[in-house]
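Every chain is numbered from 1, with letters handed out A, B, ... down the list of sequences. Values below: all heavy atoms of this structure, side chains included; hydrogens, waters and symmetry mates excluded.
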Amino acid sequence: MVAVAVRQPSSVVGSLRLRDVLSQLSLGRQDVSEASGLVNNVVSQLIQAIRSKDGTFNSIERLGAGSYYERVKTSEPNEFDIMLVMPVARLQLDESDDTGAYYYLTFKRNPKEKHLLEFLDEDGKLSAFKMLQALREIIKREVKHIKHAEVTVKRKKAGSPAITLEIKHSTTEISVDIILTLEVQQSWPPSTQDGLKIEQWLGTKVRRDFRNKSIYLVAKQNKEEKVLRGNTWRLSFSHIEKAMINNHGQSKTCCESDGPKCCRKACLKLLKYLLERLKMEHTKELEKICSYHVKTAFFHSCAMWPNDTDWHLGDLDHCFQKYLSYFLDCLRKSELPHFFIPKYNLLSQQDKASSNFLSRKINNQLNNRFPIFQESYCKQCL
DNA sequence: AGGAGCTACACGAG
DNA sequence: CTCGTGTAGCTCCT
């Protein structure tokens, strides 16, 4: 009786059950076991080699990041993000542009970490390019010694913070992004002051705790720069994002075995999947849009609808629609503020064509009961 | 470093 | 659908 009243009329999506779509997206136990085994073996061996090398990287720690470790990976465990976190005592951050996300790094005094001196460029700025290159060389040398799987290092992408590995073993193909990350224990820069608006959602204490955590910087070059000099770094909040997704409830017990079940992660998974599928069909047109846009819109949605009751598992269709409508708004306006750096727009005017294109495609899906969700899932197409 | 204890999740049985 | 079980990952402890 109650169950009938609670069940959605599915006005949004007609006869399509989002629950059924969602169940197609979960990772198989066997696949996870196989993939994690391979990845963990390879990464452990690499870390051992990187640490033992010459002292440069001997203090790195491993941190799983991104969708696999946030448990919102869809379809297959075939992409892993691993941050190699390197503590640095003191750094001076100077904004490299007006985004508030990209910085030049210098040492106020001589660094405690003497081995970092060799990575300074002519101006005394820490060179992301040089550090990444050194790490890349160690990894390239070490993968040759890996026996239990076929591991190759993919070609360098300009300005990318990642060293991408490809692991092949029988029928499995996995890509692992290794991301060199600097960790500095100092207060967050001014550009983040008005970001992370989670007071209503996770609370003021949680916000304070987050902002007391270290700053992470990754070796990412700013594309706006006229010449890629390889000496800018970008703030990364992967550690905070992971903490928010894995502990996403307003109440402590949200989604725990004896607590209320919410559909926040379900919504994120669905929109991630929708974008993935659309990107497969329209690779070129959607070049500028990535899963981080979806994730950012997700955090804004969580902040806008902070209550666990706003995300009842039984209201999946309705919740997904609200989240989707907000994302469409962002696309139409070509305005999506970085969740931690509000003045930094992730959908700049140059991306307007992509934004408009995606907005049209999503509207089309919405008005036709998501045909792309109903096509049978094909592994080879991924 | 290694392990105990915990959680989230997939999945099979009923 | 609900429940029990097994596994990966994480935290905390020594």
Side-chain angles (χ1 to χ4, degrees), chain A residues 1-8 17-52 57-85 87 148-149 167 169 172 174 176-179 181 183 202 206 209-210 212-214 216 238-270 272-273 298 302 308 311-316 377 379:
Chain A
M1 17 110 216
V2 178
V4 173
V6 166
R7 179 154 296 155
Q8 288 295 298
R17 303 266 325 258
L18 286 181
R19 288 179 152 232
D20 297 333
V21 177
L22 197 61
S23 67
Q24 302 296 303
L25 302 183
S26 56
L27 305 184
R29 242 184 346 199
Q30 191 72 45
D31 294 343
V32 168
S33 178
E34 201 176 316
S36 67
L38 278 170
V39 170
N40 290 341
N41 264 321
V42 169
V43 172
S44 310
Q45 185 170 339
L46 289 179
I47 287 180
Q48 244 181 338
I50 294 165
R51 281 196 186 129
S52 65
F57 298 110
N58 58 12
S59 53
I60 53 156
E61 294 288 343
R62 168 192 172 146
L63 179 74
S67 59
Y68 174 81
Y69 295 99
E70 290 163 350
R71 298 171 213 261
V72 290
K73 179 76 181 75
T74 59
S75 313
E76 279 189 281
N78 55 355
E79 289 166 356
F80 292 75
D81 296 338
I82 310 273
M83 298 179 105
L84 297 186
V85 182
H148 50 87
I167 305 179
H169 184 254
T172 323
I174 301 167
V176 180
D177 277 358
I178 306 277
I179 300 148
T181 309
E183 176 184 28
L202 300 172
V206 170
D209 289 346
F210 282 158
N212 280 332
K213 292 197 185 298
S214 305
Y216 280 16
S238 297
H239 53 321
I240 312 292
E241 291 160 11
K242 182 178 174 183
M244 288 196 292
I245 289 179
N246 285 336
N247 215 325
H248 55 254
Q250 191 184 47
S251 81
K252 292 265 174 293
T253 58
C254 178
C255 288
E256 282 179 8
S257 54
D258 48 355
K261 307 282 178 291
C262 87
C263 65
R264 288 181 181 90
K265 286 168 91 166
C267 287
L268 176 54
K269 272 178 144 179
L270 285 169
K272 267 174 61 78
Y273 182 59
F298 172 74
C302 287
D308 293 345
W311 298 90
H312 258 306
L313 187 55
D315 302 336
L316 177 61
Y377 171 68
K379 248 188 183 181

Residues which pass salt bridge (charged side-chain N to carboxylate O under 4.0 Å, His left out) with Glu70(A), listed by chain and number, not counting sequence neighbours: Lys295(A)

Shortest non-hydrogen contact between Leu22(A) and Ala266(A), atoms and distance: CD2-CB, 3.4 Å

Side chain to side chain contact (heavy atoms under 4.5 Å, CB included) partners for Glu256(A), two or more places apart: Thr253(A), Asp258(A)

Any donor-acceptor N/O pair, Lys269(A) side chain to Lys272(A) backbone, under 3.5 Å: no

With His248(A) via ring pair (Phe, Tyr, Trp, His ring centres under 6.0 Å) - residues at least two apart: none

Proximity to DNA chain C (any heavy atom under 4.0 Å), residues of residues 260-270 of chain A only: none

5' priority, DNA chain B, between Cys254(A) and Gln30(A) [closest heavy atom]: Cys254(A)

For Asp209(A), all residues meeting side-chain hydrogen bond (donor to acceptor under 3.5 Å, both in side chains), sequence neighbours excluded: Lys205(A)

Sugar-phosphate only, base, or nothing, as touched by Arg51(A) at under 4.0 Å among non-hydrogen atoms: nothing

Outermost DNA chain B nucleotides near chain A [under 4.0 Å, heavy atoms]: dA8(B) to dC11(B)

Heavy-atom closest contact (Arg264(A) atom, Cys302(A) atom, distance): CD-SG, 4.0 Å

Residues that Gln250(A) engages under side chain to side chain contact (heavy atoms under 4.5 Å, CB included), provided they are two or more places apart: Pro306(A), Asn307(A), Asp308(A)

Closest non-hydrogen atom pair between Leu316(A) and Cys267(A), with its separation: CD1-SG, 4.0 Å

Under 3.5 Å, which protein N or O atoms sit close to an N or O of nucleotides 7-9 of chain C? Give each pair with its distance.
from: dA8(C); atom 1: OP1; to: Ser33(A); atom 2: OG; distance (Å): 2.9
from: dA8(C); atom 1: O3'; to: Tyr68(A); atom 2: OH; distance (Å): 3.4
from: dG9(C); atom 1: OP1; to: Tyr68(A); atom 2: OH; distance (Å): 3.1
from: dG9(C); atom 1: OP2; to: Asn40(A); atom 2: ND2; distance (Å): 2.7

Distance-minimising heavy-atom pair for Ala149(A) and Leu38(A): CB-CD2, 3.8 Å

Under the side chain to side chain contact (heavy atoms under 4.5 Å, CB included) test, residues paired with Asn246(A) that sit two or more places apart: Arg71(A), Lys242(A), Lys265(A)

Please list each protein N or O that sits under 3.5 Å from an N or O in nucleotides 12-14 of chain C, with the distance.
none

Enumerate donor-acceptor pairs with a distance under 3.5 Å from any side-chain N or O in residues 59-68 of chain A to protein atoms, sequence neighbours excluded.
from: Arg62(A); atom 1: NH2; to: Asn40(A); atom 2: OD1; distance (Å): 2.9
from: Arg62(A); atom 1: NH2; to: Tyr69(A); atom 2: OH; distance (Å): 3.3

Residue list, side chain to side chain contact (heavy atoms under 4.5 Å, CB included) with Ser214(A), at least two apart or on another chain: Glu183(A), Gln185(A), Tyr216(A)

